[in-house]
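Notes to accompany the following structure.
Just so you know, these numbers come straight off a predicted model, no measurement behind them.
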Amino acid sequence: MWRAAVAAKAPARALCRAPARRAVSVAVTPAAGLADERVDTRVAGLGPGQPVTLRAVVSDERGCLFQSCAHYRADGRGELHLGTDASHGGNYTGVEPMGLFWSLAPAGMERPYQRLVPRSTGTPMKVEMLVHQGHSQPGAIHGPVMAKAEVERWFTAPGVRRIRLKEGGVRGSLFLPPGEWGPGLCPEQGSPGASCSKAELKATCGQVASLGHLSSSGDAAPCWSAAQILLRVLFDNSCSVPLLNPGDGPFPGVIDMYGDEGGLIEFRSSLLATRGFAALSLPYFDFEDLPKVMKEFKLEYFEEAARFLQRHPKVKGPGVGVIGTGKGAELALSMITFLPEVVAAVCISGCSSNTVADLHYGEITLPGLRFDMNKVSVSDAGVFDTFEALDDPANPANSSCTIPIEKAEGHFLLVVGEADRMWKSSLYAELAIGRLRQHGKENFELLSYPGAGHRIDPPSTPFCQVALDRVLGVPVLGGGESKAHAHAQEHSWGKIREFLHLHLG
């Protein structure tokens, strides 16, 4: 009898059971996108208020592992959205949609102080996003993996052309924006006029971004990033979206230089080309047959590069721009001062005087300010602090090293981090501005970022407070705080492009 009663009640009990929880999932949109654009990260299928650790993992071209993590709690529906939900711990706190990217750092088993910089622009940086059960601290053993996804971060869009240069004495790589696709030509179908519905367009092309836009007439439809449409068409192999014809130029021309690490660094140039600039990544030592060390420079080398770019048929002219970081910023100041071809200069964390290596131009020589190694301090952890080491450019005894920027007819954009510990870039910007104003000039803009360190790169580039010096092989303090630095990178990148477009067309 009791068995029958239990059996009769069993269906009712089944009806009272809680619905089965759906599997945990993590979605990153777009799954393949440009490295300077934001992604949208969402987690679903968690329990209400469930604690999880989100982790990003990536290997560079040498096989060095980088990772980051952050602590989150699901909302009442068991969901997370990194665009609106705050991290409560890990490598950062607060609402930071791109925090897992800019906080990437060498894993515990790797040599510390390495910088995550792409050596190749033709392949994506593949980042694995993982959801771990519970909260675990950076460097600790993480809980079981509940979900994972992979996102590709591209430093160049399809159609960007890379041309390696050995033009006279000039070395480097020229990146040209996409062109000659033709309106309405879809590579997937290979025929003009291919099209798709607005629903397909929305489903295929993801979120709004900042590079040129496609717009739809008729009923309401959003605008989508041209770069994302190109990426989705080529990588998803599933769309017949009509391609935007970005034109075949001419384009504004920009020379791009980095600092005393030497060699050829291309990722900023390739991103600039993706944004519509003809960008020349210009090494000036320790590359191919260029000098191996910074002993002395001749401005004629940079003049030849400026003339090459100015005269290129894909460059609109009449003048070109230059963007430089560190020593590259200082060289940018000299270029716009002495070379009429250069009409706009973006100087990131540079000095207002020539430093280290003497600079020659015809009969003119600017001696290099010297570093006093007795003023370099070393922490207990073996980190070198060079903040006080450079000779004072404001000292009248060093006036011969000063770059006479008041002679420049072009425009300056000075970008500095107020927490730069490599050297006193905020002071050097003040000296440059004071010199310009002393001569009645207002041809400058200043972007000064509290909490930002030395190397201000394109958005979401991992913050590196201390980095190994490539020449000396020792860790050197660059300064800054990770969140403030990341925000400076995102804001300055848009302002830099606005400035270059304004003065180069």
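For Glu418, there are no salt bridge (Lys or Arg N to Asp or Glu O under 4.0 Å) partners, not counting sequence neighbours. Scored by the side chain to side chain contact (heavy atoms under 4.5 Å, CB included) test, Phe387 finds Asp385, Arg421, Lys424 as partners (sequence neighbours excluded). When the ring-ring contact (aromatic ring centres under 6.0 Å, His included) test is applied to His501, the partners found at least two apart in sequence or on another chain are Phe277.
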What donor-acceptor contacts under 3.5 angstrom involve side-chain atoms of residues 100-107, with partners at least two apart or in another chain?
residue, atom, partner, partner atom, Å
Ser103, OG, Gly99, O, 2.6

Tabulate below the donor-acceptor pairs under 3.5 Å that side-chain atoms of residues 118-127 make, not counting sequence neighbours, or state none.
residue, atom, partner, partner atom, Å
Arg119, NH1, Val117, O, 3.0
Ser120, OG, Gly122, N, 3.4

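With no hydrogens or angles considered, a side-chain donor-acceptor pair links Asp40 and His81 at under 3.5 Å. A donor and an acceptor atom, one from each side chain of Tyr449 and His491, are located under 3.5 Å apart. Using modelled atom types and a 3.5 Å distance limit, the side chains of Thr53 and His142 yield no donor-acceptor pair. Inspection of the Arg55 and Gln67 side chains reveals an N or O donor paired with an N or O acceptor under 3.5 Å. Side chains of Glu96 and His487: a donor-acceptor N/O pair is present below 3.5 angstrom, by distance only.
Within the 4.5 Å cutoff, the side chain of Leu80 has heavy atoms near those of the Val52 side chain. Using a 4.5 Å heavy-atom cutoff, the side chains of Phe463 and Gln489 are not in contact. Contact of the Leu46 side chain with the Arg77 side chain is not registered, since no non-hydrogen atoms from C-beta on lie closer than 4.5 Å. By the 4.5 Å heavy-atom criterion applied to side chains, Leu500 and Val346 are counted as neighbours. Residues Arg153 and Ser460 have side chains in contact (heavy-atom distance under 4.5 Å, counting atoms from C-beta outward). Residues Arg161 and Leu174 form no side-chain contact, since every pair of their non-hydrogen atoms from C-beta on lies 4.5 Å or further apart. Residues Leu165 and Leu280 have side chains in contact (heavy-atom distance under 4.5 Å, counting atoms from C-beta outward). Counting heavy atoms from C-beta on, the side chains of Leu331 and Met257 come closer than 4.5 Å.
Minimum heavy-atom separation, Gly505 to Pro252: O-CG, 3.6 Å. Shortest non-hydrogen contact noted between Val416 and Ser426 is CG2-OG, 3.9 Å. Annotation for Phe499 and Ala344: closest pair CE2-CB, 3.9 Å, computed over non-hydrogen atoms. The two atoms that bring Leu54 and Leu82 nearest to each other are CD2-CD1, 3.5 Å, heavy atoms only. Listed here is the closest heavy atom pair of Pro97 and Gly83: CG-CA, 3.9 Å. Minimum interatomic distance between Ser425 and Asp420 (heavy atoms only, all atoms of both residues): OG-OD2, 2.8 Å.
Below 30°, between 30° and 60°, or above 60°: for His135 and His71 the angle between ring planes is below 30°, a parallel geometry.
In this structure, Arg62 places its CZ atom where more than 12 heavy-atom neighbours from other residues, nucleotides or ligands lie under 6.0 Å away. Surrounding NZ of Lys316 are more than 12 heavy atoms belonging to other residues, nucleotides or ligands, all under 6.0 Å away.
Glu481 places a side-chain N or O within 3.5 Å of a backbone atom of Ala484 that can act as its donor or acceptor partner. Panel note: side chain Lys327, backbone Gly350; no donor-acceptor pair is recorded below 3.5 Å. Tyr113 places no side-chain N or O within 3.5 Å of a backbone atom of Leu477 that could act as its donor or acceptor partner.
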* Asked: Run the salt bridge (charged side-chain N to carboxylate O under 4.0 Å, His left out) check on Glu110 and Arg115 step by step: do they pass?
  -> CA-CA 12 Å; Glu110 303 290 354; Arg115 192 187 296 277; over 6 Å; no
* Asked: Going through the checks in order, is the side chain to side chain contact (heavy atoms under 4.5 Å, CB included) test met by Val26 and Met146?
  -> CA-CA 9 Å; Val26 56; Met146 307 174 72; over 6 Å; no
* To do: Evaluate the side chain to side chain contact (heavy atoms under 4.5 Å, CB included) criterion for residues Ser281 and Leu264: first the C-alpha distance (whole Å), next the side-chain angles of each, then the deciding distance (0.1 Å), finally the verdict.
  => CA-CA 7 Å; Ser281 181; Leu264 179 63; 3.4 Å; yes
* For side chain to side chain contact (heavy atoms under 4.5 Å, CB included), just list the numbers for Thr274 and Asp36, CA-CA rounded to whole Å, side-chain angles, deciding distance to a tenth of an Å, and then say yes or no. => CA-CA 10 Å; Thr274 297; Asp36 61 350; over 6 Å; no
* Would you check, one step at a time, whether the test side chain to side chain contact (heavy atoms under 4.5 Å, CB included) holds for Thr93 with His88? => CA-CA 5 Å; Thr93 58; His88 304 289; over 6 Å; no
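Sorted by first and then second residue, the side chain to side chain donor-acceptor pair (under 3.5 Å) pairs involving residues 251-268 (not counting sequence neighbours) are Arg162-Glu266, Ser173-Glu266, Asp256-Arg268, Asp256-Ser269, Tyr258-Asp457, Glu261-Arg455, Arg268-Thr325.
With rounding to the nearest 0.5 angstrom, the CG atom of Asn91 is 12.0 Å from the NZ atom of Lys483. Separating the CZ atom in Phe175 from the OG1 atom in Thr156 is a distance of 6.5 Å, to the nearest 0.5 Å. For the atom pair OG1 (Thr29) and CZ (Arg38), the distance works out to 14.5 Å, reported to the nearest 0.5 Å. The NZ atom of Lys148 sits 10.0 Å away from atom NE2 of His132, with the distance rounded to the nearest 0.5 Å. Gln114 CD to Cys64 SG: the interatomic distance, rounded to the nearest 0.5 Å, is 4.0 Å. Here the OG1 atom belonging to Thr461 is positioned 10.0 Å from the CE atom belonging to Met98, to the nearest 0.5 angstrom.
Ion pairing between a basic and an acidic side chain is recognised when a charged N comes within 4.0 Å of a carboxylate O; Asp85 and Arg73 show no such pairing. A salt bridge between Arg164 and Glu288 is present, with a side-chain N of the basic residue lying under 4.0 Å from a carboxylate O of the acidic one.
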